[in-house]
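Every chain is numbered from 1 and lettered A, B, ... according to where its sequence line falls, protein lines coming before strand lines.
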Amino acid sequence: MKAAGHRPYGRAFERTGSLETIRAEFAEGRSVRAAGRVVQIREMGKSSFAHLQDGTGKFQIYLQKNALGDESFAAFKAVDLGDFIGVEGELFTTRTGEPSIKVQRWELLAKSLHPLPEKWHGLQDTELRYRQRCLDLIANPHVRRVFDTRSRLLSYLRRELEARGYFEVETPVLQSLAGGAIAEPFQTYYNALGQSMFLRIAPELYLKRLMVGGYDKVFELGKNFRNEGLDRSHNPEFTALEIYEAYADVRGMMKLIEELISGAALELFGTCRVGREDQEPVDLTPPWRVVTYHDLLREHADRDWFERPLEAVRDWARGKELDIPDDMTHAQITHEVYDKLIERTLWQPTFVTRLPAELVPLAKRCEDDPVLVDVFELVVRGRELAPGYTELNDPLDQRARLLEQSGGDAGKLDEEFLRSLEHGMPPAGGMGIGIDRLVMILTGEESVREVMLFPQMKIRQPRPEEPPAE
RNA sequence: GGAGGCGUAGCUCAGUCGGCAGAGCAGCUGACUCUUAAUCAGUAGGUCGUGGGUUCGAGUCCCUCCGCCUCUACCA
């Protein structure tokens with residue numbers, strides 16, 4: 001093509017507007033300049049129809065031999081599906097009523113060297129869709145809509161939090177101690193300092209140090225990394241929104257998350273009922289159900305669950321085909337029952353409150369029962385979406401609880417964090433929202449890979465590429 | 001990490017009992033100046049994921065490895 005004197009990759013092309021703008025501002029006979037990827041061509045001898053596609057939509061163009069001239073019309077025959085072109089022409093309506101551009105001039109903006117996926121079935125192969133997401137986005141419009149929803153959600157959350165007086169901050173991703181959660185970190189090495197480093201598993205400890213430093217209302221929206229298995233609800237890197245507010249507690253966080261998520265659904269879809277047609281819808285209209293961990297056990301397992309002896313609850317759990325080793329404690333069996341039997345039944349948004357303290361080392365104990373902590377776990381569609389706490393600000397209790405969690409190994413404690421608490425952290429409420437899972441709920445997707453543009457894939461030995469034919 | 005399923009043309013998929021490797025779309029050639037999954041005629045396209053085995057003969061049966069999906073474990 002280059003040899004024939006053509007330029008396969010063009011420069012900037014001034015457009016009247018996006019294809020959607022042109023459709024919205026349609027006027028018979030108006031001159032417009034438009035550009036996009038050619039996704040359909042229908043040749044009819046001395047005239048051709050084609051559809052252009054850009055980030056906003058599709059628009060039909062019409063080319064006639066006697067309007068373009070022999071040379072330009074003949075050159076269009078070399079345009080393949082997938083090429084980008086720019087056109088100039090007049091808007092008109094076809095006999096079948098479709099708004100179109102009658103092209104007077106066109107130019108090639110970028111040549112595509114590979115064929116597009118099939119027009120009718122699109123790209124179905126899941127592996128190809130994730131590995132070559134660009135093709136997935138071109139061929140499957142509903143995929144693009146999921147990521148538009150994700151982008152609008154992030155934008156809404158930032159706007160809303162800013163409007164409510166929360167301050168966005170960024171804290172280290174590279175940490176010398178990965179704290180703030182119980183999870184296996186990714187490890188790396190920093191040459192200049194000669195020390196090993198971790199990718200963060202949560203920003204929590206840094207955000208609390210900011211509370212000590214006087215930030216009353218902060219949030220961070222960013223990636224966390226966990227060196228664990230991957231399945232349809234886990235990706236090694238994922239996005240979390242953490243929010244902290246001084247002088248508040250877990251109840252303030254419950255109100256805030258209800259308003260943020262139901263507000264997002266209304267903003268994005270105009271309704272609080274979300275999900276796909278083939279699923280039971282999730283109704284995000286507040287107020288959401290609030291139920292204590294203990295009441296759930298009494299409701300689903302046994303009214304006297306917490307009074308029953310260890311043998312009785314063990315037999316009950318084994319009767320439900322749970323794998324219960326002999327050395328499991330009452331509390332561990334209880335959590336196994338919650339995890340395996342109860343949580344997955346909570347389809348509509350539910351705050352599970354007053355959890356056992358050993359499950360949540362960074363939360364404050366309940367005033368009326370120090371065995372429990374003043375927290376919620378928001379469960380939607382049978383899966384945990386967001387935890388929220390009344391934050392622990394007692395440095396002595398915090399040190400004791402972290403020590404207990406680390407199995408008594410004082411070397412694993414984050415002394416800088418503990419020291420900052422000793423300077424006094426105001427009482428506070430805090431929470432973390434799993435953004436990927438929130439997008440799954442809002443879009444009805446069942447796999448986290450469907451809401452991440454580039455999910456983690458195992459490396460594949462690349463086949464030797466043939467040089468593209470010219 | 002463990003168990004199961006899947007892998008055939010660029011894409012979407014057939015392929016029966018082990019007996020010549022198939023279709024539609026995309027591609028290429030030709031016809032057609034309002035089509036829209038355009039239509040019509042013709043044509044080309046394959047390391048059947050990889051490596052081995054059984055067999056006169058393997059896309060098909062057996063084993064190995066690779067990748068993806070689902071469940072499970074760890075976890076949010």
Anything under 3.5 Å between a protein N or O and an N or O of nucleotides 4-10 of chain B, put it in a table, one pair a line.
none

Every protein N/O lying under 3.5 Å from an N/O of nucleotides 69-71 of chain B:
{"residue": "B:C69", "atom": "OP1", "partner": "A:Arg449", "partner atom": "NE", "Å": "3.3"}
{"residue": "B:C69", "atom": "OP1", "partner": "A:Arg449", "partner atom": "NH1", "Å": "3.3"}
{"residue": "B:U70", "atom": "OP2", "partner": "A:Arg449", "partner atom": "NH1", "Å": "2.9"}
{"residue": "B:C71", "atom": "OP1", "partner": "A:Arg232", "partner atom": "NH1", "Å": "2.3"}

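Under a 4.0 Å N-O distance rule, the pair A:Arg232/A:Glu446 qualifies as a salt bridge. Salt bridge annotation for A:Arg318-A:Asp323: absent, with no cationic side-chain nitrogen under 4.0 angstrom from a carboxylate oxygen. The pair A:Glu88-A:Arg105 counts as a salt bridge, with a side-chain nitrogen and a carboxylate oxygen less than 4.0 angstrom apart.
With both ends at atom P, the span from B:G67 to B:G59 equals 25 Å, rounded to whole Å. The P atoms of B:U12 and B:A26 are separated by 15 Å, rounded to the nearest whole Å. B:C32 and B:U8 have their P atoms separated by 40 Å, given to the nearest Å. Taking atom P on both nucleotides, B:G49 is separated from B:G42 by 32 Å, rounded to a whole Å. One P atom belongs to B:A9, the other to B:G5, and the distance between them is 22 Å to the nearest Å. Comparing the P positions of B:G45 and B:G24 gives an interatomic distance of 16 Å, to the nearest angstrom. Comparing B:A14 with B:C28, their C1' atoms sit 25 Å apart, to the nearest whole Å. The separation of B:A37 from B:C11, taken at their C1' atoms, amounts to 14 Å, rounded to a whole angstrom.
Counting any heavy atom pair closer than 4.0 Å across all strands shown, A:Asn235 reaches a base atom. Across all strands, A:Gly122 comes closer than 4.0 Å only to sugar-phosphate atoms, never to a base (heavy-atom distances). Residue contacts shown for A:Gly434 are absent, as no nucleic acid heavy atom lies under 4.0 Å away. At the heavy-atom level, A:Ile182 lies under 4.0 Å from the strands shown only through sugar-phosphate atoms.
A:Glu391 contributes no side-chain N or O that, together with a main-chain N or O of A:Asp249, makes up a donor-acceptor pair within less than 3.5 Å. Distance alone, capped at 3.5 Å, places no donor-acceptor pair between the A:Asp374 side chain and the A:Thr390 backbone. Proximity of a side-chain donor or acceptor of A:Asn235 to a complementary backbone N or O of A:Gln456 within less than 3.5 Å is detected.
Taking atom OH on A:Tyr338 and atom P on B:A76, their separation rounds to 12 Å, with Å as the unit. For the pair A:His114 NE2 and B:C11 P, the computed distance is 11 Å after rounding to whole Å. The CZ atom of A:Arg381 sits 15 Å away from the C1' atom of B:A76 (whole-angstrom rounding). In this structure, A:Ile138 places its CD1 atom 13 Å from C1' of B:C11, rounding to the nearest Å. Atom CZ of A:Arg226 and atom P of B:A73 are 18 Å apart (whole Å). Per the geometry, CD belonging to A:Glu204 stands 12 Å off P belonging to B:A76, to the nearest Å. Whole-Å rounding puts the A:Gln332 CD to B:C74 P distance at 12 Å. B:A76 atom C1' lies 16 Å from atom CE of A:Met431, rounded to whole Å.
A 4.5 Å side-chain heavy-atom check between A:Asp54 and A:Arg37 finds every atom pair outside the cut-off. Contact of the A:Val375 side chain with the A:Thr353 side chain is not registered, since no non-hydrogen atoms from C-beta on lie closer than 4.5 Å. In this structure the side chain of A:Val373 never reaches within 4.5 angstrom of the side chain of A:Lys364, judged on heavy atoms. For the pair A:Ile41/A:Asp80, no side-chain contact is recorded, criterion being any heavy-atom separation below 4.5 Å from C-beta on. Side-chain atoms of A:Lys340 and A:Glu321, non-hydrogen and from C-beta on, never get closer than 4.5 Å to each other. In this structure, A:Glu127 and A:Asp125 have side chains that are in contact, with non-hydrogen atoms separated by less than 4.5 Å.
Around atom NZ of A:Lys217, more than 12 heavy atoms belonging to other residues, nucleotides or ligands sit under 6.0 Å away.
One finds a side-chain N or O of A:Lys119 lying less than 4.0 angstrom from the OP1 or OP2 phosphate oxygen of B:A26. Distances shown here put a side-chain N or O of A:Arg131 below 4.0 Å from the OP1 or OP2 atom of B:C68.
For A:Arg289, the salt bridge (Lys or Arg N to Asp or Glu O under 4.0 Å) partners two or more places apart in sequence, or in a different chain, are A:Glu299. Partners of A:His51 by ring-ring contact (aromatic ring centres under 6.0 Å, His included), not counting sequence neighbours: none found.
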Exercise. Yes or no on salt bridge (charged side-chain N to carboxylate O under 4.0 Å, His left out) for A:Glu90 and A:Arg30, after CA distance, side-chain angles and deciding distance?
Worked result: CA-CA 5 Å; A:Glu90 278 182 11; A:Arg30 182 183 172 211; over 6 Å; no
Exercise. So what's the dot-bracket for RNA chain B: Watson-Crick or G-U pairs under 3.5 Å, [ ] if a pair crosses, | if it pairs off-strand?
Worked result: (((((((..((((.....[..)))).(((((.......))))).....(.(((..]....))).))))))))....
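Of the two residues contacting RNA chain B, namely A:Gln124 and A:Gln40, the nearest-nucleotide position lying further toward the 5' end is that of A:Gln124.
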For this session: Summarise protein proximity over nucleotides 29-34 of chain B in one line of letters, 5' to 3': B for base, S for sugar-phosphate only, - for none, counting protein heavy atoms closer than 4.0 Å.
Result: ---BBB
